[in-house]
Amino acid sequence: MRRVEGKSATCGITNFAQSQLGDVVYVSLPEVGASFKKGEAMASVESVKAASDVYAPLSGTVKEVR
């Protein structure tokens, strides 16, 4: 989790995870309005080295995707 402001949180992957993945070739992001529970897969990242799921750090609903 990157930042929490009130009832909103900004999530992403860490710099360490990015460096371990190498060159990212595809990212699948959740749609606005999708709901997730803490620990559920909410996105996926594919690189030349591996494909990895991104897990929700908390329960909630997606309000914006960038």
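Throughout, numbering of the chain's residues begins at 1 and tracks the sequence. Just so you know, these numbers come straight off a predicted model, no measurement behind them.
- Hydrophobic clustering (ILVMFWY, side-chain heavy atoms < 4.5 Å, transitive): V62 and V4 are in distinct clusters.
- The two residues K37 and A56 come nearest to each other via the heavy atoms O-CB, 3.7 Å.
- Inter-residue side-chain proximity for Q18 and I13 is flagged as met; some heavy-atom pair is nearer than 4.5 Å.
- A continuous path of Ile, Leu, Val, Met, Phe, Trp and Tyr side chains, each step under 4.5 Å between heavy atoms, connects L29 with V32, placing both in one hydrophobic cluster.
- Between Q20 and K49, the shortest heavy-atom distance links the atoms O-CD, 3.4 Å.
- Annotation: side-chain hydrogen bond (donor to acceptor under 3.5 Å, both in side chains) contacts involving residues 54-66, sequence neighbours excluded, comprise S35-T61.
- At a threshold of 4.5 Å between side-chain heavy atoms, the hydrophobic network of Ile, Leu, Val, Met, Phe, Trp and Tyr places V65 and M42 in one connected group.
- V54 and L58 are members of different hydrophobic clusters when ILVMFWY side chains are connected at heavy-atom separations under 4.5 Å.
- V48 meets the side-chain contact (heavy atoms from CB on, under 4.5 Å) test with D23, V25; sequence neighbours excluded.
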